[in-house]
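Computation of the quantities below employed the complete heavy-atom set of this structure, encompassing side-chain atoms and omitting hydrogens, waters and symmetry-equivalent molecules. Chain letters run A, B, ... following the sequence lines, proteins first, then strands; residues in each count from 1.
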Amino acid sequence: QKEVEQDPGPLSVPEGAIVSLNCTYSNSAFQYFMWYRQYSRKGPELLMYTYSSGNKEDGRFTAQVDKSSKYISLFIRDSQPSDSATYLCAMITTSGTYKYIFGTGTRLKVLA
Amino acid sequence: EAQVTQNPRYLITVTGKKLTVTCSQNMNHEYMSWYRQDPGLGLRQIYYSMNVEVTDKGDVPEGYKVSRKEKRNFPLILESPSPNQTSLYFCASRSTGTEEQYFGPGTRLTVT
């Protein structure tokens, strides 16, 4: 079983829709949770990160972490065609090492 | 401009021919890391470095070497490349105290 599971998609939504992207994880040692966005032929860029359970909002983006269920989500409100990209969740364990574990990514296409 | 640069961007080589992919950052970041990205497997960490002369293995270190003699540079060395190392490679860096990694543009390596 992978430490981090993420639905690969692709996910197609109409412009203006609310998008929900999710990851589950199995390692209780994960302490930091991140979402990256990757456009085609580019390196990933950090969208949001958090280290506690609960919600964190930044503009149209909301990151949600539920440590008891080992589940994280990214919500995109009023989705735009420019949001079309691959979204990767990532987690870090800091107990003894500082390794990043990424999900496989979800491809999102927002249709104009 | 703050950035992470990688060279070369594209490389086709043959099995067994030693190669080095360079990575350089101009942000005075302590932490640097190498990843490979493969379809269906996502981003996997190869090696990381917390600072000069401090390196540690990520999830998939076999067949790779790294060195960190200077803060700005973190080359990835493939002593004897094999076809299963054909992949898209990313270098990343971040400052201590933040989780935001800055990724380079990627190096597409093909080993025949």
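Inspection of non-hydrogen atoms places Leu46(A), Tyr49(A) of residues 45-67 of chain A under 4.5 Å from chain B.
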Passes ring-ring contact (aromatic ring centres under 6.0 Å, His included), Tyr36(A) versus Phe102(A)? Steps please.
CA-CA 9 Å; Tyr36(A) 282 81; Phe102(A) 281 79; 5.4 Å; yes
Can Ser33(B) and Gln45(B) be said to form a side-chain hydrogen bond (donor to acceptor under 3.5 Å, both in side chains), step by step?
CA-CA 7 Å; Ser33(B) 184; Gln45(B) 195 170 31; 2.7 Å; yes
ring-ring contact (aromatic ring centres under 6.0 Å, His included) evaluation trace for Tyr47(B) with Phe74(B)
CA-CA 10 Å; Tyr47(B) 270 95; Phe74(B) 191 43; 7.8 Å; no
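With a threshold of 4.5 angstrom between heavy atoms, Gln6(B) does not approach chain A through any atom at all. Neither the backbone nor the side chain of Gln6(A) comes within less than 4.5 Å of any heavy atom of chain B. The contact between Tyr32(A) and chain B is made entirely by side chain atoms (from C-beta outward), counting heavy-atom distances below 4.5 Å. Interface remark: Tyr102(B) contributes no atoms to any contact with chain A (heavy atom separation under 4.5 Å).
Legend: residues meeting side-chain hydrogen bond (donor to acceptor under 3.5 Å, both in side chains) with Glu70(B), ordered by chain and number and at least two apart, are Asn73(B).
With rounding to the nearest 0.5 angstrom, the CD1 atom of Ile46(B) is 10.0 Å from the OH atom of Tyr35(B). A distance of 12.0 Å separates CZ in Arg94(B) from CD in Gln25(B), rounded to the nearest 0.5 Å.
For Arg44(B), the CZ atom sits in a packed shell: over 12 heavy atoms of surrounding residues, nucleotides or ligands are nearer than 6.0 Å. In this structure, Ile12(B) places its CD1 atom where only 12 or fewer heavy-atom neighbours from other residues, nucleotides or ligands lie under 6.0 Å away.
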